[in-house]
Amino acid sequence: MAHVRPGTRPLRGPLHHPKAPADTSEEMAAGRTPQLTTRLALGSLLLFVSIGAVLAFLVSGQLRGRQEQAATYHAEFVAGSILRYELTPQDVAQPVDPRSARYQYLQEIVRKRLLAPPVVRLKLWRDDGTIVLSDEPRLIGRNFGVDDELKEAFLGEPSSGVTDLSDAENVFERTQFKKRFSTYVPVYLVGARDHGEADAVAELYTDYAGIQSQVSHLFQTLVATLIVGLGALYLLLLPIIRRVTRTLAVQNVKLEEQAGRLQTLLETEQQTVAELRELNRLKDDFVAMASHEVRTPLTSIIGYAKTLRRPEFANDGAAREEFLQAIERQGDRLSRLVGNLLAASHIEDDRAHLTLAPFSLPELVEDVLAGLGPRAKRVAVTLPTDLPPLVTDRQRMELILANLLDNALKFSPNGHRCDLQAWADEQAVVVSVRDRGIGIAPQDLGKIFDRFYQVDSSVTRRYGGVGLGLNIVQELVESIGGTIDVSSSPGEGSTFTVRIPFAPPWSAAEAERSPRAEPAAAR
């Protein structure tokens, strides 16, 4: 059972605080100085931050406008100096077939001469809203209608702005760019028309990341400047701040010490209350489970014994044999329960009473199976013939295997077997016990080794026990220097894997020299 750790009793009695000295004029002035210093520092800081924020906003807006204007000029230059000389009236009259040699020629020009940073995409529009040419062939031939910007561009007025990526025409750009800047530029083909409406409109997309990087660079510069200015302001206020903080530090230390003492007392009190509640809950749970688990086999034993005394069963050998086997099973169950309770009460001795001696694991397995009685037939054993002997406490190892097998048989349906396997590596022997039971939910895996813990703790639960078996196994495994792990899937069963070193980390001689060790002969 869990125990309250020593030293966790809550402190009783009133708390005594040192008497505060009387206020003096000097102390009152010192009390007003921090307020004045704080107001001056906060006022200067607010003014400086406000100026920096306004400057950053204005300058970043100007820079963003200049970058967008530069992108527009660049798009107009590209359209006017390249496209108008490479396109023919046939190219803008009908969509260019992406499989044609003409498209390959135009695509090569677009990629080499137009799609250079910061231009990332071209769409050539016809006056009815159809895309006749694009570096994205899936857009060619699709009609998206004529919006206001496209109309203005066909009338000779370039327009630009941030693109709405949710528009249908931008379906292929949504995953490539977070933000884009587009420019609609009228295209007048050479020799086609010298005035009037444009022959086509080229929409060129500029990656907005370049514009944003310039704005971000400005913000970084302004932040650096702001930090330098605040540092200079701090240096000017440093002499005043030092005198003020010295006084405040002394007061803060006193307050922190008092708060720390109160917090410690509160935590101690809360911890004690929590431990007492947990102890009370464990006691109630244990009494309920133990009473039920002891009463069940005793009721069966008494019932079968009274039945055997009745005259009609005096000459019924088959019934007597069946009742005697039932009494024996219930007696074994009661014996295992008492044994687990006794083991749990003495297991905290750890390695002080270890009896280290070499023994054969296969022979130990035979002894454990013999103790299971008829249930041993349900255990499939796989042991290699070359297992080296173990040097550890044989009695504890036997109790580990007995509890794991008993747990596996209990949770496996009748007629289903359990698997016991063992193998050796360079430093240890590994024993695995697998059942075909209901499994353990992931949220319960970390609790199954807790003392008295059961997934179903009601007295009407399907599986018996008081929740000591796995806790005892873990304590025993750790007491001989081993480890235990569990893996489980609901509905598929559980596998417990125990790793026991060939010899414990301490030698037998060290265990015998330990003042807590119990000589084997004395036991």
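- For the pair Arg375 and Asp406, the salt-bridge criterion is met [side-chain N within less than 4.0 Å of a carboxylate O].
- Within the 4.5 Å cutoff, the side chain of Leu364 has heavy atoms near those of the Glu398 side chain.
- For the residue pair Gln104 and Glu108, no side-chain donor N or O sits within less than 3.5 Å of a side-chain acceptor on the partner.
- Looking only at distances, a side-chain donor or acceptor of Asn403 sits under 3.5 Å from a matching main-chain atom of Leu399.
- Between Arg499 and Asp485 there is no salt bridge, since no side-chain nitrogen of the basic residue lies less than 4.0 Å from a carboxylate oxygen of the acidic one.
- Under a 3.5 Å cut-off, the side chain of Arg396 and the backbone N or O of Val477 do not form any donor-acceptor pair.
- Counting only heavy atoms from C-beta outward, the side chains of Asp419 and Arg436 approach each other to under 4.5 Å.
- Within the 4.5 Å cutoff, the side chain of Phe502 has heavy atoms near those of the Val429 side chain.
- Looking at residues two or more places apart in sequence or on another chain, you find a side chain to side chain contact (heavy atoms under 4.5 Å, CB included) between Ser488 and Ile440, Leu445, Ser494.
- Crowding of Glu363 atom CD: a count of heavy atoms from other residues, nucleotides or ligands under 6.0 Å not exceeding 12.
- Using a 4.0 Å cut-off between charged side-chain N and carboxylate O, Arg121 and Asp135 make a salt bridge.
- Side-chain contact between Val431 and Phe496: absent, with no pair of heavy atoms (C-beta onward) separated by less than 4.5 Å.
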